[in-house]
Each structure stands twice: as structure tokens, then as C-alpha cells.
Amino acid sequence: MELPKNYNHLETEGRIYKLWEESGFFNPDNLPLRRAQGKPAKTFSIVLPPPNVTGILHMGSALMLALEDIMIRYQRMRGKRALWLPGTDSAAIATQARVEKDIHKKEGENRHDLGREELLKRIDKFVEENKATILSQIRAMGASVDWSRYAYTMDEKRYKAVMTAFVRMYEADLIYRGNRVVNWDPKGQTTISDDEIVYEERPAKLYTFRYGKDFPIPIATTRPETKLGDTGVAVHPEGKYKKYIGQEFNLEFCGEKLNIKIVGDESVDQEFGTGAVGLTPAHSMIDWEIGQRHGLAVKQIINEYARMTVDGEMKDKKTTEAREIVIDWLKKQGLLEKEESITQNVATAERTGGIVEPLPKLQWFITVNKEIGGRGKTLKDLMREPVANGDIRIIPEHYSKTYFHWIDNLRDWCISRQIWFGHRIPIWYKGDEIYCGVEAPKDDGPAPLPDRQAGAKASAGKWEQDPDVLDTWFSSALWTFSTLGWPEKTADLKTYHPTDILETGYDILFFWVARMIMMSEFHLQQVPFRTVYLHGLVRDEKGQKISKSLGNNIDPLEMMRKYGADAVRVSLIAGTAAGTDIKISEHKIRGYRNFSNKIWNTARFVLMSTDNVNMEAELTAEDRMIMDELGALSVEVTKDIEEYRFYLAAEKLYHYVWHTFADKILEEAKVKLAGKDAKVKASAQRMLMEVLATCLKLLHPFMPFVTEELYGKLPLSGKKMLMIESWPT
RNA sequence: GCGCGCUUAGCUCAGCGGUAGAGCAUCGCAUUCACAUUGCGAGGGCCGCAGGUUCAAAUCCUGCAGCGCGCACCA
């Protein structure tokens, strides 16, 4: 048989993917399972970290797909009941912002002009129109996901899971409504969680001043305008200002009446600044916490649009304008003692880039430090324990430390968001009654749950649902089991949960991994996965982050068109251990395209030289040795895969195929094939065919397209589709 | 401030106790022979610095430096 001279990925990939998909073997229910020592076949499951439903494939998701496909294809060939469950994420804030922007551009209207219902309709339409893109791109990578189990974070089943999870946690008293200082994004007009903040270093001025001529303690601040909201000053309980603790001062500060209490608090660092902290409980997370400890008043002076709410000259002024006014006033009064230039970290919102304004707001929270009834543990404990006792293994291991560190510093999780796209909070209000449930209670229906939230305002009339939606990570946190049908007791849930591996980027260890552990432990009393494999960030060849603004984007789709999916996959895997960032370049991808072609041509040669090959022919001692050496390599590669060293496995196979099989074995075989000794020739033919077949199997998880295509051409009896062939060891 | 990681050939990285490795790049040579998306060959490294442990250290320990990252702080 003779093949074309070069491997043509464009002609091959779509056809092969279709073949796989139509075979039904992506669905583990259809797999020819192998019983292991009389026991039923083991299962192996991965849920795909859902890409943004309206997104396009970038190198990061390409890496994710490549790694997970390697794992699942390997396990499938080992005869396991291998499930890789695909899905997409609604990416609430990002998607809504995108649609709002489009509408504003085209129609000049904002969301309030449209109204909630209409906006949601538009978003759904946008999602529907765009989701095919990401799904076809997942296919293009060769991902062997079970499409029959596809899930979307906003579909019917996931909605039910989210609602059930919320109601159960509310009933367990772990969800509460509280008026607390939250991170408010004035640009996005919503709260965000601590993890959605990105700190940016910026130059700033540190001002040292006194509230008044008779005030005994100087105070430093970078935000003088917030001082209008000060209600206290904290000093160290044993420090130089100890004698003032307990005193109260009433003063007039820039036109505003202040009542300042001096309190002693351990958290004050005597060495820093003036050794005393002006407390603005309404506009600083830390000050709020100190204020809570000492019963200080919370005085809000900045609104949701980052404008001043105080009466007089400053009313409705931007905070930056108010700052100048306060500084002028301080100077005129002779109260400004020092002005220094410093750099400070400014909190900005990850999604919108807006400067975060801490504000007191009535929001919904999940408490992480409260004992769960009947379990004697907090949600924090549930997150910590499985990692601490080894039920969950994090790879690379050093991320465990980072994980614990994060948990130790964890505050309650603010889960309400002031956007419209997402799972709406299943809380209903009528007068001072609060009811938690998916549907509003019928007025003559069952009595609502007792209201634990003191101080709800009375307003007669109908039950009205809370207007907010849940943080998108709330639904993502249920992903390992909501995708398997929870809260129904499905067979899938029983069979595939806990999942085996959660493979994702280290950048969402906290956002997602920790919260999945929390939710699974709480709702199922089970770990969500046994192993967490964290991959690095994909960077350009200079090590810079890939971003639109840098113009250094390497588009995986374009690379796949040019060089083939197999080449893109291996170039992302080779030379990269878990957790380390990956430098990618077109250059590297081209190198692996050449490798695809090398595989093609070794097969081409073998097929040309093995007409009427006898697979029963006796092997010469030399050829047996070649088979033994390949056997040893198989064992090594298997071990590397089992221990998550995919880069090593890929590199070893690359080296073997190119520099041992093609350069040495093939070259030496040419002599034997041309020789007169029939036995030697028959042995060589069989050996070549066997080495080729084994190489294709070992390479298949890494380069599924070219290997499947070639394997289909081998004249072997009893052959199956390569995807479900037995692994060589 | 606390923590984590990295530092090995021009570049990207493996190796992690026993005489320095790969890929790419560079430089020669070859070519109707499976593949020019090729073959053969060559050059190139005080394995960040300083100590220590050891018969033996790129590899283990300590300290330092540079780079990157996370968390906290940022009064």
C-alpha cells in the first residue's frame, strides 16, 4: 500500500472526529469494558472546566483540552469506563456586560431602558447564536468528550441544582443576609468577591494631618475625602497613645460634624504611619472589622457611583474632587502636617477595571466560620480537611500550601450580584417576612421559614423575589455533581462521583477548586475529585502574558489550520511540567507538525515494505531485542502518564519514533528487507509492523488524529478503532 | 511583611547523589533511495553566587542575589 507523501491534517481531522463521534465510544455506556481480575471495569471521570459559552478557544483552553484528552484517551485504552463530561459556563458578568455594550452601541439604550425580561431575552439569544463556535472548537482539538451528557451552567438541570443547593444551605443556616462592607465595583454596578479584585500599583500621596487643632493624635491617609466618614481612631492598647483610649471628640471637619472615639486595638502597628489609624468603618474592610469590635458607628459618605453623599459643597462630587477640597481645607486650617509620595496598591475589579469602592451594603453571604449543625465543623474545615488528610491530592504539591494559606485568610463569601443574567436568588420578601424557596409561597400555603434576619422593613402586598443573582462561581462550585444529575439520585452520580481528576489552571484554585470542595463536602459529604492537576499559564515565546493589547496572541485555531491539531496539542504539552507556565510559539508548533509528518512517513515506509506481512513469522534475536526495548519504553511512558509527567512521556515518544525507530531501526531494516534471507526479511517485516502499531498506540493520547488515521490503514486482523485498542502494557 | 516557584548550551527546558542532556537555533557535508515538513556530522555549558554535608553535589543542607507569582498590608 502506498500513502501520499505528506500527512494532510486538513483532509483528515474532520473525517476522523466524525468517525469517533459516530462510533459512540465517547460515551462510556458504549465502551467495550475490560474486567480487571474478575471485577467490573473501573471508572475514570473528568468534568470539563466549562469554557465561556460565548467565548472563542484560546491557548489556555487548548492546553486544558489537550491535557484532559490525553488522560481520558489513556484511561479509555486501559479499558476503564472513561467519562469526560463537557459543558459551558454562562460567565454571567462578562456575558451581560458584552451584550449590554452591543446594545448600547447599536441602539443607544442601557439595561434599564430595556428592562430585565427583555435584556435576559437578548442575552439568551446571544448565547444561542454564539455557543456553536466554542463547541466546534472543542471538537477541532480532538477532545473526546461525551456530548450526550453536555451541560450548561444555566440549563434546566443546573438551575435545579443551584436552587436546591441554595435552599439547603439557607436551611442549614449557612447563608445569611447582612449589612456589611463589600467590594463595590462602581463601573460594573455590582458587588464582587475578594478574589475578583486585582491590585494595581500606582503612585499616591500619603497625607498626615489632624482632625482639628485640639485633636491629640496625628493621622495618615491616602484618601482624605473618606475622613468625613470617620467615627473612630484606633491606637495600640499598650502604645504611646494608650492614655487617650476611651476619649471621645466632637469636631467640625471640613464642614462635616465628626464624632471620634479613641479605641485600643491589637491590630494597630505602632511602627507604621503615625501609629494610629483613622477609622472609616463604612469605606474600608479593615476599618469595618475594627469598628465592629468596638461598636463604632458606620457612617456612609460615598454612594454606588463613587460620589460623595455629604451635604454642602461636596455633595455629588467625585471622590477625587472631594479629595482636593479636603486637602485645601486642611492646608488653610494648618492641619496638614506632611505630604509624602508613596506607591500603593489600588484595588480594581478584574472584569471591568473599575476602582473598587468598599461600601456597606445589604447582601447575601455564605458563612465560612460557623459550625454546621450536626457536623461540628465549619465550611472552612470542609475545605481544609480533605486536602490536609490526603483525600485530595494537589499537583504540583506546593500549591497545597497556597491553598491552606488562602483558607486561613478566608472571609465570608458574598454571593449576591447586582446583575440580571444568572441564577436569581430564591428569596422572597413580603412585608417583614422573608421566605426561601424556588417558588413564591402561596399566601395560604405553608408557613414561610422563620425570618432570622432582624430588621427587615415592613411593606405589605405580594411576595417579591430578591432582584439579585448569584455569583457565577456559586453554580460553578456545584459542577462536579450538578453535571451528573444531582439533586436527583442518578446512576451517573453514583457511578462517576467523586470524579478522578480536576484539571484546571492554577489561577482559579481559589475561585473554583476550593469552592467545589466546599460544596461537594457539604451537599454530598464526598470529595468532588481525588486529584487536582494544575496547569500553568500559556505565554508567548518571550514569557509575556498573551493579551489583546500586547498583540501577541497566538490563535490556536489558526495554528490548527496551519499545522494540525496534533501539532498544537503536543507543542502545548512538551517541555512543561504541571504548574509551570508554558511558552508557546509558532516555531515550536511547526516542529511538531514536522513530527506528525515523520510519523506519517515511517508508516508510509512500513506499509510499502510489508506487503503480505506474516504477523506469525518467527522473530530473529535482533528483532526480538528491538521489541523488548520498545516494551521497556512502553513501561516508562505508562509510568510517566500515571504520574502526570505528560511532557516526559511525549518527549520520550518523540525521541523514540524519530531517532530510534526512523533513524536506526528503519535504516537497518532496509538492508534486511533487500537481502536474500527470507526468514530475516519476514522477521523484519513483522517487527516493523509491530513497532509501528505499538508506537501509534502509545502516541494516540497525545496525537489522536494522525495515529487513528494511520492505524486504520494497517493490515492487522482483529483490529479495532485505535481509540479503543488496548494500551500496550 | 508572609509564602511559593524559578535561575543548567544563543533560546525553550529536562535531569535532582555517581564522568553534563534534548529540541530549536548556528555551522559544515549529503541528496532522484519513506519523509527537504529530510539525512549525517560539528561547535557550544566554572548547571546564579558563597559556604556546608559526602569518597562523590547541577542534584542534599544553609545563606545571599536576581527574576516571576500568590496572599496580606497599603492608617
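So that the names make sense, note that chain A is the first sequence line, chain B the second, and so on, each numbered from 1.
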Expressed in whole Å, how much space separates the [atom1] atoms belonging to [N] and [M]?
N: B:U53; M: B:U59; atom1: C1'; value: 13 Å
N: B:A65; M: B:U54; atom1: P; value: 28 Å
N: B:A57; M: B:G17; atom1: P; value: 14 Å
N: B:C47; M: B:A58; atom1: C1'; value: 4 Å

Opposite nucleotide pairing with [N], Watson-Crick or G-U, both atom distances under 3.5 Å:
N: B:U38; result: B:A30
N: B:G44; result: none
N: B:A58; result: none
N: B:C6; result: B:G66
N: B:C71; result: B:G1
N: B:U12; result: B:A22

Inset, instruction - Record whether the side chain of A:Lys652 comes under 3.5 Å of the base of B:A14 through a donor-acceptor pair of N or O atoms. - result: no
Inset, instruction - Report yes or no: is there a donor-acceptor pair, N or O only, under 3.5 Å between the side chain of A:Lys401 and the base of B:C4? - result: no
Legend entry - Ring geometry between A:His659 and A:His655 (parallel below 30°, tilted from 30 to 60°, perpendicular above 60°): tilted
Inset, instruction - Could you label the plane-to-plane angle of the A:Tyr241 and A:Tyr244 rings as parallel, tilted or perpendicular, counting under 30° as parallel and over 60° as perpendicular? - result: tilted
Look at all strands and tell whether [X] reaches a base, only sugar-phosphate, or nothing, counting heavy atoms closer than 4.0 Å.
X: A:Leu279; value: nothing
X: A:Tyr7; value: nothing
X: A:Lys670; value: base
X: A:Leu648; value: sugar-phosphate
X: A:Ala234; value: nothing
X: A:Thr602; value: base
X: A:Val346; value: nothing

[X] vs [N]: side-chain N/O to OP1/OP2 distance below 4.0 Å:
X: A:Lys598; N: B:G39; answer: yes
X: A:Lys5; N: B:C35; answer: yes
X: A:Tyr647; N: B:G15; answer: yes

Identify which nucleotide among [options] has an atom closest to any side-chain atom of [X], counting heavy atoms from C-beta outward.
X: A:Thr402; options: B:G70, B:A22, B:A14; answer: B:G70
X: A:Asp663; options: B:C74, B:C40, B:C2; answer: B:C40
X: A:Trp658; options: B:A34, B:A22, B:G39; answer: B:G39
X: A:His587; options: B:C13, B:A25, B:G3; answer: B:A25
X: A:Phe605; options: B:C71, B:C74, B:A34; answer: B:A34

Legend entry - Flag side-chain contact, heavy atom, 4.5 Å: A:Pro358 against A:Val182: no
Legend entry - Side-chain heavy-atom pair A:Phe253, A:Val326 within 4.5 angstrom cut-off: yes
Without decimals, in angstroms, what is the distance between [X] [atom1] and [N] [atom2]?
X: A:Ile197; N: B:C74; atom1: CD1; atom2: P; result: 13 Å
X: A:Glu636; N: B:G15; atom1: CD; atom2: C1'; result: 13 Å
X: A:Asp287; N: B:C74; atom1: CG; atom2: P; result: 8 Å
X: A:Phe595; N: B:G23; atom1: CZ; atom2: P; result: 12 Å
X: A:Arg645; N: B:G15; atom1: CZ; atom2: C1'; result: 12 Å
X: A:Asn601; N: B:C35; atom1: CG; atom2: P; result: 6 Å

Legend entry - Closest-nucleotide ordering on RNA chain B, the 5'-leading residue of A:Tyr399 and A:Asn409: A:Tyr399
Legend entry - Nearest-nucleotide 5' precedence on RNA chain B, A:His655 against A:Thr580: A:Thr580
Legend entry - A:Tyr506-A:Tyr399 aromatic ring centre distance below 6.0 Å: yes
Legend entry - N/O donor-acceptor pair under 3.5 Å between A:Lys299 side chain and A:Leu228 backbone: yes
Inset, instruction - Say whether, by atom type as modelled, one donor and one acceptor occur between the side chain of A:Trp473 and the main chain of A:Ser193 under 3.5 angstrom. - result: no
